[in-house]
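Since we're looking at a predicted model, the values are computed, not measured. Whatever order the structure lists ligands and atoms in, that order sets their numbers, starting from 1.
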Amino acid sequence: MSKSIRVYSPASVSNVTCGFDVLGFAIEKPGDIILAEQGGKPGVRIKEIVGSDSIPLNPLENVASVAAQALVNHIDPKIGIDLTIYKNIKPGSGIGSSASSAVAATFAANQLLGTPIKNTFDLIPFAMQGEQIASGAFHADNVAPALLGGFIIVRSNDPLDVVQLGAPPDLYTVVIHPDVQIKTSESRKLLPGQVPLKSLVTQTGNLAGLVAGLLQHDYSLIGRSMHDVIIEPVRASTIPGFVELKSAALHAGALGAGISGSGPSVFALCKGEISAHKVHDEMKIAYESFNIKFDSYISPINKKGTIQIID
Ligand code: ADP
């Protein structure tokens, strides 16, 4: 067993317009860092949280410790691990803040224990157990991209069946994160219980087109497919300035844009870095009149997922 392991796990965008609950991708930055160290007593504890005073120190309430504990329980409950969380993704951002912590902790614990779980894929269910306490749902649409990188289809959460799609080489994302809090668990309450057949057909056509576009590196098809006729219409009003942000992105040449996760972050996909910078600048200008603080990110699609940081 190593003495300590440091791990980086990236933020991620889930839903990706027409892919509600089944599609997600990882971005290069921001991302959480977790240091896992051998603990003196059995169980996973949180030694320190750096960068956030809003997430719980109680190991039963923090997704990182719950995820790592799930792995420890599976391997040997007598093991003790201390976690230090360097929180770089704001909680409730809609870019997989909780998933990043849950994945980083699971990955770090597995490395610390000498990789008893050989296949990285098999770490997903442990991270999902952590993520579940944040979102109230057992789902992999942020966890799997954060762990594996690239675009991921979650064909099924239970039994787990995730498919790695990789990413077209020139695909970039722009994310605007307004400083307002939307809890995933609250935002889910807005969702319709039933969906008209016509909307379902439009949505599945778009999702099929988006997946094909991603696999064939067909940027035009990606753009034509990025429409959400089911979720975005009910959630858009929860994000101040969503309409303006989306229209600024499309006007500046983005392939498409939509809500990241359940918001409040808004993302755009762009072909190439130059286009991404243009889209980023236009989205920023559009948002400045709202008098809401925001963070913004330009990033290629992260293809590596979670990695150990070697000091
Ligand atoms: P996000 O999509 O940004 O992860 P969620 O609403 O799904 O947002 O999760 C945020 C919730 O999870 C907050 O209530 C937060 O306190 C809780 N939480 C518990 N542990 C963590 C953690 N390590 N990182 C982020 N959020 C956490």
Which is closest to [atom] in terms of heavy atoms, [options]?
| atom | options | answer |
| --- | --- | --- |
| atom 26 (N) of ligand 1 | Ile89, Ile95, Ile55, Asn58 | Ile55 |
| atom 2 (O) of ligand 1 | Ser65, Gly261, Pro91, Gly94 | Gly94 |
| atom 4 (O) of ligand 1 | Ser98, Ala104, Ala67, Ser52 | Ser98 |

Given side-chain contact (heavy atoms from CB on, under 4.5 Å), test Ile49 with Ile46 step by step and report yes or no. CA-CA 7 Å; Ile49 299 171; Ile46 300 177; 3.8 Å; yes
Nearest to [atom], what protein heavy atom do you find, and at what distance?
| atom | value |
| --- | --- |
| atom 3 (O) of ligand 1 | Ser93 N, 3.0 Å |
| atom 13 (C) of ligand 1 | Lys183 CE, 4.3 Å |
| atom 10 (C) of ligand 1 | Gly92 N, 3.7 Å |
| atom 24 (N) of ligand 1 | Lys87 NZ, 2.9 Å |
| atom 23 (N) of ligand 1 | Asn62 OD1, 2.8 Å |
| atom 16 (O) of ligand 1 | Pro56 CD, 3.8 Å |
| atom 21 (C) of ligand 1 | Val63 CG2, 3.6 Å |
| atom 5 (P) of ligand 1 | Thr184 OG1, 3.4 Å |

Next on the checklist: Heavy-atom pairs closer than 4.0 Å: do any link ligand 1 to the side chain of Ser97, the backbone, both, or neither?
Outcome noted: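 For Ser97, the contact with ligand 1 is made by both the backbone and the side chain.
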message: Once you restrict to heavy atoms under 4.0 Å, what part of Ser262 touches ligand 1? Side chain, backbone, both or neither.
response: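 Neither part.
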For Glu131, is the nearest heavy atom under 4.0 Å from an atom of ligand 1?
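Contact absent.
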Mind checking whether Ala64 has an N or O less than 3.5 Å away from an N or O of ligand 1?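 By distance alone, the answer is no.
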Based purely on interatomic distance, does Ala134 place a nitrogen or oxygen under 3.5 Å from a nitrogen or oxygen of ligand 1?
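No, no N or O pair falls under 3.5 Å.
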Using a 4.0 Å cut-off to any heavy atom of [X], which atoms of ligand 1 qualify?
| X | answer |
| --- | --- |
| Glu61 | 19 (C) |
| Gly96 | 2 (O), 4 (O) |
| Ser101 | 22 (C), 23 (N), 24 (N) |

Shared ILVMFWY cluster between Val16 and Leu207, side chains joined below 4.5 angstrom?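 Shared cluster, yes.
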Q) Taking atom CG of Asp53 as the centre, does the number of heavy atoms from other residues, nucleotides or ligands within less than 6.0 Å exceed 12? A)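 Open.
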query = Does Lys41 NZ have over 12 foreign heavy atoms under 6.0 Å away?
reply =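 Not buried by this count: 12 neighbours or fewer within 6.0 Å.
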Verify whether one side chain among [X] and [Y] offers a donor that lies under 3.5 Å from an acceptor in the other.
| X | Y | answer |
| --- | --- | --- |
| Lys271 | Ser220 | no |
| Lys90 | Ser97 | no |
| Ser296 | His280 | yes |

- prompt: Between Arg45 and Asp82, is there a side-chain N and carboxylate O pair less than 4.0 Å apart?
  reply: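 Here Arg45 pairs with Asp82 in a salt bridge, since their nearest N and O are under 4.0 Å apart.
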Give a yes or no answer on whether the side chain of [X] reaches the backbone of [Y] with a donor-acceptor pair at less than 3.5 Å.
| X | Y | answer |
| --- | --- | --- |
| Asp158 | Leu160 | no |
| Ser275 | Gly272 | no |
| Asp32 | Ile89 | yes |

- Query: With a 4.5 Å heavy-atom cut-off, do Ile259 and Glu232 have their side chains touching?
  - Reply: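 The answer is yes, as the side chains (C-beta and beyond) meet within the 4.5 Å cut-off.
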